[in-house]
There are 2 protein chains.
Amino acid sequence: MDSQKKKYSELTDCLCTSIRKSARNISQKYNEHLKQSGEKINANQVSILVTLSQIENKTISELSNQLKMERTTLTRNLKILDKSGWIKTNYGLDGRMKFSKLSKNGKQVLDKILPHWKKAQNQTKKLLGEDLQLFQQNLKKLTL
Amino acid sequence: MDSQKKKYSELTDCLCTSIRKSARNISQKYNEHLKQSGEKINANQVSILVTLSQIENKTISELSNQLKMERTTLTRNLKILDKSGWIKTNYGLDGRMKFSKLSKNGKQVLDKILPHWKKAQNQTKKLLGEDLQLFQQNLKKLTL
DNA sequence: ATATATTAAGTGTATATACACATAATTTCA
DNA sequence: TGAAATTATGTGTATATACACTTAATATAT
């Protein structure tokens, strides 16, 4: 049944598969570095904390747009960050809206993981070499 | 507290964050197309079925290496494919080993989703334009 | 002013992911 | 040959992800 192999060979070139594969692999590498900090935090959680450090007073919906993360996914991720004490959440004047912001602990954890994140980032940059800029541009194209 | 924004601005350029973001976004797009097939299958499941169509008689551990997917993750993903009737699993002569292969239903579902996958793939390729080849190469670099 | 529509966020369910640990089969070696 | 080491896989737990549906608050329109 080698005709089967040929028949589906086109599907082996799937961009979605490749991107997911890379995402798994890179995430693990970043997480290994982050673990060295002694903090129980992962790359995804860092990315949300960093987003909150840059833009405050945004609703969950707005944040989810920024992160290209499904709103309900973000809701659950925020819950964990809250439980860990890295963010504080308050309701707005409009009682439907919720606003989260970095807590003191959240800032401290970012300070602590920064050098380890840098190692992961530099290691990854090295893999891409001079293609770095273009690669980042192309990733961006895929998030529109 | 705008010093905070500056302080953590370096972290906004995280490659792990960008790749995960793209992975989420592209996965959703592929899944929307796959949904049009009427089959209850997603891009990740397709990628495993396709892998099985290309390489049979591989253990779960070997497959997990191929897919750069944690072995225990793959175990659970295979369980769902089995439940859906798209793969068949047997033990090897070495009683520890398990081998999965595409079932008749599995092949049929690949046949059925193929045109929808193509639409998703072409749409994604279009976003990348002439950078496609290089982008694929760079993704590969990140899975080593 | 109140019924209706809209909007923001949460919940139920299912799958994806991975680490730490457990189990079972086989291999190795004394 | 039988104990110890190795190997292949599974399970417990926690987080990530997203779709369908729900709830609660606000805005709108008559």
Side-chain angles (χ1 to χ4, degrees), chain A residues 16-17 19-32 34-36 39-49 57-65 67-84 86 89-100, chain B residues 16-17 19-32 34-36 39-49 57-65 67-84 86 89-100:
Chain A
C16 184
T17 300
I19 291 171
R20 290 179 64 89
K21 199 186 281 192
S22 294
R24 284 194 296 269
N25 204 244
I26 294 299
S27 294
Q28 281 195 50
K29 284 184 182 167
Y30 274 73
N31 287 340
E32 281 163 22
L34 292 175
K35 200 173 186 179
Q36 299 303 311
E39 294 285 343
K40 193 182 164 303
I41 195 169
N42 65 35
N44 184 58
Q45 293 167 339
V46 168
S47 77
I48 296 174
L49 294 183
N57 284 78
K58 296 278 183 187
T59 63
I60 292 181
S61 298
E62 287 171 320
L63 271 180
S64 76
N65 279 333
L67 290 159
K68 297 284 169 194
M69 183 181 283
E70 224 280 332
R71 182 186 51 76
T72 61
T73 301
L74 180 58
T75 293
R76 281 163 165 132
N77 288 348
L78 287 174
K79 197 169 202 170
I80 291 165
L81 296 178
D82 202 291
K83 199 177 63 181
S84 300
W86 294 325
T89 301
N90 293 294
Y91 286 92
L93 289 180
D94 181 332
R96 293 169 296 184
M97 298 181 180
K98 275 177 84 174
F99 300 94
S100 298
Chain B
C16 185
T17 300
I19 292 171
R20 291 178 64 89
K21 199 186 280 192
S22 295
R24 283 193 297 269
N25 204 245
I26 294 299
S27 295
Q28 281 194 50
K29 284 185 182 168
Y30 274 72
N31 287 339
E32 280 164 23
L34 292 176
K35 200 174 185 178
Q36 299 303 310
E39 294 284 344
K40 195 184 164 300
I41 195 168
N42 65 34
N44 184 57
Q45 294 167 339
V46 168
S47 77
I48 297 174
L49 294 184
N57 285 77
K58 296 278 185 187
T59 64
I60 292 182
S61 298
E62 287 171 320
L63 272 178
S64 77
N65 279 334
L67 291 158
K68 297 284 169 193
M69 183 182 283
E70 224 280 333
R71 181 186 51 78
T72 61
T73 300
L74 180 58
T75 293
R76 280 164 165 132
N77 288 348
L78 287 175
K79 198 170 201 171
I80 292 165
L81 297 178
D82 203 289
K83 198 177 65 181
S84 300
W86 294 324
T89 302
N90 293 294
Y91 286 91
L93 290 181
D94 182 331
R96 291 169 298 184
M97 298 182 179
K98 274 177 85 174
F99 300 94
S100 298

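Letters A, B, ... are given to chains in the order of the sequence lines, protein chains preceding strands, and every chain is numbered from 1.
Annotation: of the two residues near DNA chain D, A:D94 and A:N44, the 5′-most nearest-nucleotide partner is A:N44. In terms of position on DNA chain C, the residue among B:G95 and A:I60 whose nearest nucleotide sits closer to the 5' end is A:I60. Judged by closest nucleotide on DNA chain C, A:K58 is the one of A:K58 and A:K35 placed further toward the 5' end.
Remark: B:R24 CZ to A:R20 CZ distance equals 11.5 Å, nearest 0.5 Å. Taking CG of A:N77 as the reference point, atom CG of A:D82 lies at 12.5 Å (rounded to 0.5 Å). The line from CD1 of B:I60 to OG1 of B:T75 is 4.5 Å long, rounded to the nearest 0.5 Å.
For the pair A:N25 CG and C:dC19 P, the interatomic distance rounds to 11 Å; values are reported in whole Å. Rounded to an integer number of Å, the gap from CG of A:L74 to C1' of C:dA9 is 11 Å. Spacing between atom CG of A:N90 and atom C1' of C:dA9 amounts to 15 Å, rounded to whole angstrom units. When rounded to the nearest whole Å, the span between CZ of B:R71 and C1' of C:dA20 equals 11 Å. The separation between B:Y91 atom OH and C:dT23 atom P is 16 Å, rounded to whole Å.
Looking at residues two or more places apart in sequence or on another chain, you find a side chain to side chain contact (heavy atoms under 4.5 Å, CB included) between B:A43 and A:C16, B:Y30, B:N31, B:L34. Applying the salt bridge (charged side-chain N to carboxylate O under 4.0 Å, His left out) criterion to A:R96, with sequence neighbours excluded, gives A:D94. For B:S47, there are no side chain to side chain donor-acceptor pair (under 3.5 Å) partners at least two apart in sequence or on another chain. With sequence neighbours excluded, no residue satisfies side chain to side chain donor-acceptor pair (under 3.5 Å) with A:S64. The side chain to side chain donor-acceptor pair (under 3.5 Å) search around A:E70 returns A:T72, not counting sequence neighbours. By the side chain to side chain contact (heavy atoms under 4.5 Å, CB included) test, B:E62 is found to be paired with B:K58, B:T59, residues two or more places apart in sequence or in another chain being considered. Applying the side chain to side chain donor-acceptor pair (under 3.5 Å) rule to A:S100 yields the partners A:T89; only residues at least two apart in sequence or on another chain are considered.
Between chain A and DNA chain D, the heavy-atom contact criterion of under 4.0 Å yields a 5' to 3' nucleotide range of D:dT15 to D:dT26.
Between B:I41 and B:L49 the shortest side-chain heavy-atom distance falls below 4.5 Å.
Across all strands, A:K68 comes closer than 4.0 Å to no nucleic acid atom at all (heavy-atom distances). B:S61 comes within 4.0 angstrom of sugar-phosphate atoms only, judged by non-hydrogen atoms across all strands, and of no base. Residue contacts for B:T59: at a heavy-atom cut-off of 4.0 Å it reaches the sugar-phosphate backbone alone, with no base atom in range. At a threshold of 4.0 angstrom between heavy atoms, the contacts of B:L93 are confined to the sugar-phosphate backbone, with no base atom among them. Residue B:R76 is in base contact, counting any heavy-atom pair closer than 4.0 Å across all strands shown. Residue-level contact check: A:N42 touches the backbone only, with heavy atoms under 4.0 Å from sugar-phosphate atoms and none from bases.
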Using side-chain contact (heavy atoms from CB on, under 4.5 Å), reason through B:N44 and B:M69 one step at a time and then give a plain yes or no.
CA-CA 11 Å; B:N44 184 57; B:M69 183 182 283; 3.5 Å; yes

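In this structure, the helix from C:dA1-D:dT30 to C:dA30-D:dT1 shows an angle of 0° between the axis at its start and the axis at its end, each fitted on 5 base pairs and rounded to 10°.
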Got a list of protein N/O to nucleotides 5-7 of chain C N/O distances below 3.5 Å?
from, atom 1, to, atom 2, distance (Å)
C:dT7, O2, A:R96, NH1, 3.0

